[in-house]
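We use all heavy atoms of the structure for the numbers below, so side chains are in, but hydrogens, waters and symmetry mates are not.
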Amino acid sequence: MRLLRRVGPIVQGVVLDVHTSGDYLPTAHVHALTRPFPAISLTLPTDLRTAGGVQDSVRPWQHTPAFVAQAAARLRTASPLPMEAEVFVEDLVGAYREEIVARRFARSPTSVNELEDQVLVPAALGRSDLVRDGLAFARSFAAGWPPGSLELWGRGDDWLEVLAEQAAHPEVIEATVEDEVRVHKLAALPFVPLG
């Protein structure tokens, strides 16, 4: 129930969750392969929405080619990243940061995975300029978190130092990407480089 492609060190796709009514709830998303994770996550989720902004679904009896094409076009338009064209790392980092800022109201590290992704993905590509900016963004963003709150997310107070150390070793990140491709059985997916 997923449509996926590999874009450099990320997976991009659409998941078709089945609602209890039998309707499909399409959600576009990405997942970074730059750190071990037990499943393909729904990072940067974008739901199918009506023109009025309400979450929309696809009913099985609506599976006409015209309706499916129209729903797919709406989802492509709403996605923060192109779903068929080339994806650029700057756009991906920008999408992560928009998502992170949108969650700021929580005053807790609810965006810790996205903060790591916006550093580790550019690190995997050797983009030290984006790594440096990403670490500064993470430091600034995390400054308001209460002491000890990172423990809830399996990180210690030395989280930023650990992240900087990880980002300094792109060869280790690349090995992690290869391991994640194998673990999640993604080798047969269509592959395009991350620009």
Side-chain angles (χ1 to χ4, degrees), residues 1-19 21 23-35 37-60 62-106 110-125 127 130 133-134 137-138 141 177 180-181 184-195:
M1 297 300 286
R2 289 181 183 261
L3 307 168
L4 299 172
R5 70 175 182 164
R6 274 190 56 212
V7 182
I10 68 167
V11 174
Q12 181 187 35
V14 175
V15 62
L16 302 171
D17 282 332
V18 180
H19 190 268
S21 66
D23 295 354
Y24 298 105
L25 300 170
T27 303
H29 65 95
V30 301
H31 170 79
L33 300 167
T34 52
R35 56 192 163 76
F37 204 75
I40 301 299
S41 65
L42 299 182
T43 308
L44 303 180
T46 303
D47 298 328
L48 180 65
R49 299 276 170 176
T50 66
V54 177
Q55 185 176 17
D56 202 1
S57 62
V58 177
R59 291 155 193 86
Q62 291 176 319
H63 280 185
T64 65
F67 180 84
V68 170
Q70 185 268 346
R74 279 190 289 141
L75 193 58
R76 273 194 305 273
T77 300
S79 175
L81 299 170
M83 297 175 72
E84 295 172 324
E86 186 175 9
V87 177
F88 293 94
V89 67
E90 294 85 357
D91 297 331
L92 176 64
V93 167
Y96 277 127
R97 291 182 186 171
E98 286 180 26
E99 177 77 10
I100 291 163
V101 169
R103 293 189 198 175
R104 180 176 272 282
F105 68 89
T110 56
S111 299
V112 70
N113 290 336
E114 289 84 353
L115 283 165
E116 291 176 353
D117 292 348
Q118 60 97 34
V119 170
L120 295 176
V121 170
L125 301 173
R127 290 292 305 270
L130 293 175
D133 291 348
F137 179 81
F141 193 83
V177 170
E180 289 295 285
V181 167
H184 296 295
K185 300 179 173 108
L186 304 172
L189 288 182
F191 177 84
V192 295
L194 181 59

Steps toward side-chain contact (heavy atoms from CB on, under 4.5 Å) verdict (Leu81, Leu92): CA-CA 7 Å; Leu81 299 170; Leu92 176 64; 3.5 Å; yes
side-chain contact (heavy atoms from CB on, under 4.5 Å) assessment of Asp17 paired with Tyr24: CA-CA 6 Å; Asp17 282 332; Tyr24 298 105; over 6 Å; no
Stepwise side-chain contact (heavy atoms from CB on, under 4.5 Å) test for Thr34 and Val177: CA-CA 5 Å; Thr34 52; Val177 170; 4.1 Å; yes
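Atoms CD and CD, from Gln118 and Glu116 in turn, are 10.0 Å apart once rounded to the nearest 0.5 Å. Taking CG of Leu33 as the reference point, atom CG of Asp117 lies at 9.5 Å (rounded to 0.5 Å). Rounded to the nearest 0.5 angstrom, Glu114 CD and Arg97 CZ are separated by 13.0 Å. Rounded to the nearest 0.5 angstrom, Thr110 OG1 and Ile100 CD1 are separated by 9.5 Å.
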For residues 1-13, dump all side-chain donor-acceptor pairs below 3.5 Å to protein atoms at least two apart in sequence or in another chain.
residue : atom : partner : partner atom : Å
Arg2    : NH1  : His29   : NE2          : 3.3
Arg2    : NH2  : Ile40   : O            : 3.4
Arg5    : NE   : Gln12   : OE1          : 2.8
Arg5    : NH1  : Glu84   : O            : 3.4
Arg5    : NH2  : Gln12   : OE1          : 2.8
Arg5    : NH2  : Pro82   : O            : 3.4
Arg5    : NH2  : Ala85   : O            : 3.0
Gln12   : NE2  : Pro82   : O            : 2.8

Please list, one pair per line, the donor and acceptor atoms closer than 3.5 Å that link side chains of residues 185-195 to other protein atoms, with sequence neighbours excluded.
none

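Side-chain atoms of Arg35 and Asn113, non-hydrogen and from C-beta on, do get closer than 4.5 Å to each other.
Residues Met83 and Leu75 come closest through the heavy atom pair SD-O, 4.1 Å. Residues Pro26 and Val58 share a closest heavy-atom pair of CG-CG2, 4.0 Å. Thr46 approaches Pro80 most closely through the heavy-atom pair OG1-CD, 3.2 Å. Among all heavy-atom pairs drawn from Ala138 and Leu115, the shortest one is CA-CD2, 3.8 Å.
Between Phe37 and His31, the angle of the ring planes lies from 30° to 60°, which puts this pair in the tilted group.
Under a 3.5 Å cut-off, the side chain of Thr50 and the backbone N or O of Val54 do form a donor-acceptor pair.
For residues 40-54, the set of pairs meeting the salt bridge (Lys or Arg N to Asp or Glu O under 4.0 Å) definition, not counting sequence neighbours, comprises Asp47-Arg49.
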